[in-house]
Amino acid sequence: MSKRDAANDQVALDLSDVEHRVGQPVGGGQLLEPCTSLDIRRWVMGMDYPNPIHWDEEFARNSKFGGIVAPQSMAVGLDYGDGISPSLVGHIPNSHMLFGGEEWWFYGHVIRPGDKLIQERWFHDYKLTDTKFAGPTLITRGDTVHRTQDGTLVAKERGTSLRYLVAEAQKRKMFENTNTQSPEWTPQQLKTVAKIRRDWILSNRNGVSPHFEEIDIGDKLPRRALGPHTVASLATEWRSFAFTTWGSFGWVGVPGVKDPWINQDCGFTMVMDYEEAKIDPRVVDGLYSGPASGHVNTAKGKGIGMPRVYGYGATMGAWALDYLGYWAGHDGMVRHSKVAFRAPYFEGDVTYVDGKVTAKQTDSSWGAPLVSIKIQMTNQDSTVLVDGSAEVEVPF
């Protein structure tokens with residue numbers, strides 16, 4: 001049980017249900033049906049990613065792919081629980097979590113309609129630290145390997161969670177005097193944001209890949225703008241994850257593992273009632289209730305220490321992959337990325353995405369030339385939301 005140590009008056013996290021799970025395979029949710037072109041369209045709509053190869057049938061049919069294909073970020077869109085579930089094992093009473101970051105490796109398979117991704121998951125490790133937001137905080141990491149129904153390796157993700165005690169976050173009131181109100185935007189400011197967004201869309205709409213010799217260290221990628229974020233856009237993001245559709249997934253265990261942590265109670269203050277969900281699926285769909293509902297409900301957001309409704313870590317990860325993939329074009333791809341989520345985006349904010357070439361290598365373990373890119377996301381106040389780097393394959 002979480003307790004206050006009488007000797008030093010320090011709040012402590014009880015890790016007794018966490019420690020023995022390190023390195024163990026875990027279960028979770030599994031989508032029941034293969035990916036469809038509608039799933040892909042809904043995903044890029046939710047991620048505000050208007051690359052025509054993912055939604056425009058005529059454009060896609062005339063491309064090298066011969067039809068609609070998914071962006072690389074679709075791997076998390078076809079996973080249960082935003083890709084973070086294998087890092088959320090073990091019961092920590094009266095806790096909640098924030099998505100702390102993610103690392104991806106991609107192995108060359110392009111997801112298409114008809115693919116059904118199957119996940120293998122395990123709890124990688126944890127580290128106890130201290131944060132201004134909530135004091136004692138557990139940093140946990142979990143791994144997910146994605147394969148198609150025929151065993152083709154698609155991607156691996158390592159997700160990081162920050163698990164904390166809700167009461168401690170409420171007591172510290174880190175956001176009490178900041179981020180309590182949505183920013184106000186003038187018509188001219190909104191016009192500027194819209195121009196940045198449209199210029200980025202036009203920067204590589206035809207999917208032309210930059211060639212290795214054309215790229216110089218120090219080159220800047222076109223800036224991307226997302227927002228201003230609204231409750232409507234946040235809800236659209238959430239609904240683009242296939243598992244948020246009622247009846248879309250089933251629970252799976254791990255053969256031979258006695259306690260594979262399938263859908264056990266993590267100790268969250270917002271509890272999922274799976275028995276009631278057999279009658280009314282809305283009670284666990286994450287938008288109306290459950291741990292994810294704080295993203296669209298101010299009262300519930302404040303109940304876990306946030307000042308108002310806020311964005312999804314998995315979405316920021318997808319924005320990064322989409323941004324890099326758009327620059328890489330149809331003949332390029334992201335091979336590896338690692339991003340840390342430094343701060344959330346809130347309702348009313350605008351998120352800016354920027355990238356810069358930091359290195360080049362002609363030979364790599366992937367057998368292709370790679371370009372290293374530093375990626376960063378900031379809001380209108382220059383607050384850093386995401387810091388990261390990636391290795392992107394491009395043609396010679």
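In what follows, residues are counted from 1 in the order of the sequence shown.
In this structure the side chain of Val231 reaches within 4.5 angstrom of the side chain of Val309, judged on heavy atoms. Side-chain contact check for Phe241 versus Asp79: every heavy-atom pair is 4.5 Å or farther apart. In this structure, the side chains of Asp130 and Pro136 come closer than 4.5 Å at one or more pairs of heavy atoms. Using a 4.5 Å heavy-atom cutoff, the side chains of Glu347 and Asp349 are not in contact. Between Trp261 and Leu88, the closest side-chain pair of non-hydrogen atoms is not below 4.5 Å. Counting heavy atoms from C-beta outward, Asn263 and Tyr80 have side chains that stay 4.5 Å or more apart. Put simply, the side chain of Tyr126 does not reach to within 4.5 Å of the side chain of Arg163, judged on heavy atoms. Contact of the Met45 side chain with the Trp55 side chain is not registered, since no non-hydrogen atoms from C-beta on lie closer than 4.5 Å.
The two residues Lys116 and Leu31 have their closest heavy-atom pair at CE-O, 3.2 Å. Taking both residues in full, the closest heavy atoms of Trp319 and Glu237 are given as CZ2-OE2, 4.0 Å, listed atom of the first, atom of the second, then distance. The shortest non-hydrogen separation linking Pro86 to Val26 is CB-CG2, 3.9 Å. Closest of all the heavy-atom pairs between Ser337 and Leu321 is OG-CD2, 3.5 Å. Closest non-hydrogen pair, Ser161 versus Ser87, comes out as OG-OG, 2.6 Å. The shortest heavy-atom contact between Gln30 and Leu117 is NE2-O, 2.8 Å.
For Trp104, the side chain to side chain donor-acceptor pair (under 3.5 Å) criterion is met by Glu102, not counting sequence neighbours. Listed by chain and number, the residues in a side chain to side chain donor-acceptor pair (under 3.5 Å) with Ser240 amount to none (sequence neighbours excluded). By the salt bridge (Lys or Arg N to Asp or Glu O under 4.0 Å) test, Asp273 is found to be paired with no residue, residues two or more places apart in sequence or in another chain being considered. Every residue was checked against the side chain to side chain donor-acceptor pair (under 3.5 Å) condition with His330, not counting sequence neighbours, and none meets it. With sequence neighbours left out, the side chain to side chain donor-acceptor pair (under 3.5 Å) criterion links Asp265 to no other residue.
Side chain of Arg112 to backbone of Phe65: a donor-acceptor contact under 3.5 angstrom is found. When atom types are taken as modelled, the side chain of Asn206 and the backbone of Val208 share no donor-acceptor pair closer than 3.5 angstrom. Without hydrogens or angle criteria, Gln72 side chain to Val334 main chain gives a donor-acceptor distance under 3.5 Å. The backbone N or O of Thr144 lies less than 3.5 Å from no partner atom in the side chain of Gln119, so there is not a single donor-acceptor pair. Between the side chain of Ser248 and the backbone N or O of Ala242 there is at least one donor-acceptor pair closer than 3.5 Å. Using a distance-only test at 3.5 Å, with no hydrogens or angles considered, no donor-acceptor pair links the side chain of His54 to the main chain of Ile68. Side chain of Arg205 to backbone of Pro52: no donor-acceptor contact under 3.5 angstrom is found. The main-chain N or O of Ile196 is never found under 3.5 Å from a side-chain atom of Asp199 such that the two would form a donor-acceptor pair. Asp56 contributes no side-chain N or O that, together with a main-chain N or O of Ala60, makes up a donor-acceptor pair within less than 3.5 Å. Looking at Asp39, its side chain does come within 3.5 Å of a backbone N or O of Thr36 through a donor-acceptor pair.
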task = Dump the intermediate steps for side-chain contact (heavy atoms from CB on, under 4.5 Å) on His146 and Leu78, then the final yes or no.
result = CA-CA 9 Å; His146 303 264; Leu78 297 176; over 6 Å; no
Ile373 and Tyr323: CA distance, side-chain angles, deciding distance, side-chain contact (heavy atoms from CB on, under 4.5 Å) verdict = CA-CA 11 Å; Ile373 296 173; Tyr323 176 75; 5.8 Å; no
inquiry  = Run Asp322 and Asn51 through side-chain contact (heavy atoms from CB on, under 4.5 Å) and show every step you take.
reply    = CA-CA 9 Å; Asp322 294 342; Asn51 185 339; over 6 Å; no
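Sorted by first and then second residue, the side chain to side chain donor-acceptor pair (under 3.5 Å) pairs involving residues 358-372 (not counting sequence neighbours) form an empty list. Annotation: salt bridge (Lys or Arg N to Asp or Glu O under 4.0 Å) contacts involving residues 331-343, sequence neighbours excluded, comprise Lys64-Asp331, Arg335-Glu393. Every pair passing ring pair (Phe, Tyr, Trp, His ring centres under 6.0 Å) that includes a residue from residues 372-396 is listed here, sequence neighbours excluded: Phe212-Phe396. Sorted by first then second residue, the salt bridge (Lys or Arg N to Asp or Glu O under 4.0 Å) pairs that include residues 181-192, not counting sequence neighbours, number zero. Pairs of residues two or more places apart, or lying in two chains, that qualify as side chain to side chain donor-acceptor pair (under 3.5 Å) and include a residue from residues 208-228 are Arg223-Asp354. Screening residues 80-89 for salt bridge (Lys or Arg N to Asp or Glu O under 4.0 Å), with sequence neighbours left out, gives no hits. Residue pairs meeting the ring pair (Phe, Tyr, Trp, His ring centres under 6.0 Å) criterion with at least one partner in residues 271-290, sequence neighbours excluded, are Trp251-Tyr274.
Taking the six-membered ring where the residue is Trp, Tyr49 and Trp200 present tilted rings, their angle falling between 30° and 60°. A perpendicular orientation is assigned to the rings of Tyr164 and His96, their planes being inclined by more than 60° (bins at 30° and 60°). A perpendicular orientation is assigned to the rings of Phe243 and Trp238, their planes being inclined by more than 60° (bins at 30° and 60°). In this pair, Trp105 and His336 present their aromatic rings tilted. The plane angle is within the 30 to 60° band.
Exactly one of Leu138, Val89, Leu13 qualifies for a side-chain contact (heavy atoms from CB on, under 4.5 Å) with Val18. That residue is Leu138.
Transitive grouping of hydrophobic side chains (ILVMFWY, heavy atoms separated by less than 4.5 Å) keeps Val145 and Ile118 in distinct clusters. Hydrophobic clustering of Ile, Leu, Val, Met, Phe, Trp and Tyr side chains at less than 4.5 Å, counting indirect connections, unites Tyr312 with Ile375. When hydrophobic clusters are built by joining Ile, Leu, Val, Met, Phe, Trp and Tyr residues whose side-chain heavy atoms come closer than 4.5 Å, directly or via intermediates, Phe99 is not grouped with Val166. In this structure, Ile40 is not a member of the same hydrophobic cluster as Leu32, with clusters built from ILVMFWY side-chain heavy atoms closer than 4.5 Å. When hydrophobic clusters are built by joining Ile, Leu, Val, Met, Phe, Trp and Tyr residues whose side-chain heavy atoms come closer than 4.5 Å, directly or via intermediates, Phe341 is not grouped with Tyr310.
The line from OH of Tyr345 to CG of Asn379 is 12.5 Å long, rounded to the nearest 0.5 Å. Here the CD-CD distance, from Gln170 to Glu168, works out to 10.0 Å after rounding to the nearest 0.5 Å. The line from NZ of Lys300 to OG of Ser289 is 5.5 Å long, rounded to the nearest 0.5 Å.
Within a 6.0 Å radius of NZ in Lys356, other residues, nucleotides and ligands contribute 12 heavy atoms or fewer. Within 6.0 Å of atom CD in Glu276, more than 12 heavy atoms from other residues, nucleotides or ligands are found, so the atom counts as buried in its surroundings.
Thr383 and Asp381 are not linked by any side-chain donor-acceptor pair at a separation below 3.5 angstrom, with hydrogens and angles left out of the test.
A salt bridge does not link Arg61 to Glu58: none of the charged side-chain nitrogens sits closer than 4.0 Å to a carboxylate oxygen.
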